[in-house]
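A short write-up of the structure that comes next.
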There are 2 protein chains.
Amino acid sequence: MVVRNKATIADVARVAGVSTATAGRVLGGYGYTSDEMKDQVQKAARQLGYRPNALARGLITGKTRTLGVVAGDIQNPFYASVLRGISNVAEADGFGLLITNSDESRSKEVQSVELLAQKQVDGLIVTPSDTRKARHLHNLLSMEIPLVLIDRAVAGLSVDRVAADNIAAGEQAVRHLFEAGHRRIGIIAELVEDEGDGLAAFLARAASGDPMEAEALYPSWQRLLGYVRAHRIAGVAVDPRLVFRAGSYSAEAAQVGVPLLLGLSDPPTALFTTDGTMSEGAMRAITALNLSIPRDLSLVCFDDLDWMSFMQPGISTMSQPRLAMGEAAARMLLERIQGENCPPRTVLLPAELISRGSVLRRVLDPAV
Amino acid sequence: MVVRNKATIADVARVAGVSTATAGRVLGGYGYTSDEMKDQVQKAARQLGYRPNALARGLITGKTRTLGVVAGDIQNPFYASVLRGISNVAEADGFGLLITNSDESRSKEVQSVELLAQKQVDGLIVTPSDTRKARHLHNLLSMEIPLVLIDRAVAGLSVDRVAADNIAAGEQAVRHLFEAGHRRIGIIAELVEDEGDGLAAFLARAASGDPMEAEALYPSWQRLLGYVRAHRIAGVAVDPRLVFRAGSYSAEAAQVGVPLLLGLSDPPTALFTTDGTMSEGAMRAITALNLSIPRDLSLVCFDDLDWMSFMQPGISTMSQPRLAMGEAAARMLLERIQGENCPPRTVLLPAELISRGSVLRRVLDPAV
DNA sequence: CAGATATATGAGAACGTTCTCTGTTCATTG
DNA sequence: CAATGAACAGAGAACGTTCTCATATATCTG
């Protein structure tokens, strides 16, 4: 049973005294075989320590039972949870998972996709780092390799997609602050790629109620859009100076924003951070400035990270269903792999407001 | 260049007007080829959108340039970082990464290893969930599949291994508390599998200075061993009632321990939590009990999680180099894959005490 | 009972690469 | 100038499976 050199179907067949075809049928579980043969072959297989070679199987079937995933950064709790969701359904179906990091770089993403394609994955789940230039993704489609996008869309690429309902979530977060009596609300957002004509123009268009092609926007821009909408509903004009653009996906970049916003002549009384990384950066700044939440500053974050529930006070946040997002994406991908042929689907999962202790109820100044 | 059906070497050869052998040599980068042929073949390949099939290549070479990893849970920050470290070096060498979760269950681990082996990974990195029964791992060795262990060892399995120096780290953490004047120090540890004859016997043996086979102990037992050694150095007897055994790798289990320890007639003034999950559980309890750190309770954790640095006050902790652990493991594995044949190596990376504000300096009662 | 169908087995092709072997050319060498 | 060997190209085997096809028997079906 413990054997040094690996046994093949031919070896098993020889020992069992049958043809390789029969042995293959028994071990591969296809075609017809008699119980007698089954026993014989299985006994030989056990004896030789036979282990099927998935490469050979994949080569001939054209299926590897492996999914490829291009995540931004496994280490980031967002991707870690999404991956876990994907892993859960992949594992349940006996699929393997080939995982790479893009670090939000287009060239690394292209490289990853190429690697995964060469390894003949049956399908891919990608969080695209560029919402416009995506020839490598279009290429997959033309090769008929199923593709599911997570968290972001790509303009002109109509494939299955799952994301949080970022606009609604952003709106709800900020509305929550308005309802607590806040009027000057800062936002700390990534906003890395320029959506066409710059932040000012974006804010103007959003404030005017222009519906825009919000679907293909980056999540942070969508959440900003929600921020603007909440202002419109509250009848409060958006002050562009309250919008801090980190410009990169890092806590350090976000950290800079807090003292900047609070240093304004008319500083915000509350902050909305648009993702886990921005939230972490904001918290670092708040600690560094020795501010007390919610006395000195109210805070609503995005994405429920573990520490938010055991900080004192707890941090109110828009919780997005990361695990469910991963699971939904994997399920959609598996359906496509199994031949599902319906038009591309978009699954928008709602984020949920978890209200903890980081928002101060303000009595409104009647003069305003 | 954009082609629907995938092109093979034979297709490229036909278009280029050469033999498949020559086309293969050009595209595979082996053997002799003239520059003329190279141009011709590469042009044809580009034109057809040729993409090498790693399955076919792997089938014949016996190498897949893919590593398999069995982690406990990708979602856990510890594994997420370790994975990122592995990914960094794998990617630099052009290796793919097949990742699975074991959820610390032996049967899932066995299943994962089997899956990865069938997919013909060139080597495996495993965080074994059982330090004793590991036939599946011995099996890998007999098949000559390189294996590297992370975080834990397996008794009787001598392979490359990388881990934190848990005993020294545990000792340093607790010594730090002694030096701050604490005498009754609680420990919240996983201690899931019974190390032979139970906790009481373990404590007795450890306190007597018995060296034990500490190498093959679970990390939490090793950190407990450090805890005991620090007591010996400080000349303080270990009170078994101060050792809380969570019994499972979950924050909920850890959370229970805090009120239990604090409810003792002679409660601890400080706590040592032996990993990130235990720390999270302890923090939840501390928040629920509305305790103030370090006034009501001092705390030293293990593993530096992001929130520990921006809590108010910051949490002192033993920081283990998770990324470096993953990188070291991957490097060792790649060396083995490239034929390195030296005897099994053990890399113990030191953990570093990061002193923040969670430890109160106590003035010692002269009566004690 | 003829004909169809389900069940069972084996021989050998096929998947897309790399490897081995044979053969040719051409420059170098003593 | 014969001998050597490096540089190159092609034919075909090999990797370990599954697939197709041919064949044979047992079991239904009308």
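The figures here come from the full heavy-atom set of this structure, side chains too, leaving out hydrogens, waters and symmetry mates. In what follows, chains are A, B, ... by sequence order, proteins preceding strands, each numbered from 1.
- More than 12 heavy atoms of other residues, nucleotides or ligands shown are found within 6.0 angstrom of NZ on B/K38.
- Side-chain contact of A/S102 with A/S105: a donor-acceptor pair under 3.5 Å is absent, judged by distance alone.
- Nearest-nucleotide assignment on DNA chain C puts the 5′-proximal partner with A/I60, out of B/R25 and A/I60.
- Side-chain N/O atoms of B/S34 include one lying less than 4.0 angstrom from OP1 or OP2 on D/dA9.
- With A/K108 as the fixed residue, the side chain to side chain contact (heavy atoms under 4.5 Å, CB included) test singles out one of A/D103, A/V70, A/T100, A/V113: A/D103.
- Here the C1' atom of nucleotide D/dC8 and the OH atom of B/Y32 are 9 Å apart, to the nearest Å.
- Comparing A/N53 and B/A21 against DNA chain D, the residue whose closest nucleotide sits nearer the 5' end is B/A21.
- With no hydrogens or angles considered, no side-chain donor-acceptor pair links A/H136 and A/E114 at under 3.5 Å.
- Looking at B/E36 and B/Q40, their side chains never bring a donor and an acceptor atom within 3.5 Å of each other.
- One side chain, A/T66 or B/K119, offers a donor N or O that lies under 3.5 Å from an acceptor on the other.
- Checked by atom type, the side-chain pair A/Q75/B/S81 shows a donor-acceptor distance below 3.5 Å.
- If you walk DNA chain C from 5' to 3' and mark each nucleotide with an atom closer than 4.0 Å to a heavy atom of chain A, the marks span C/dA6 to C/dG16.
- Side chains of B/R57 and B/N53: no donor on one and acceptor on the other come within 3.5 Å.
- For the helix from C/dC1-D/dG30 to C/dG30-D/dC1, the angle separating the two terminal helix axes comes to 30°, with each axis derived from five pairs and the value rounded to 10°.
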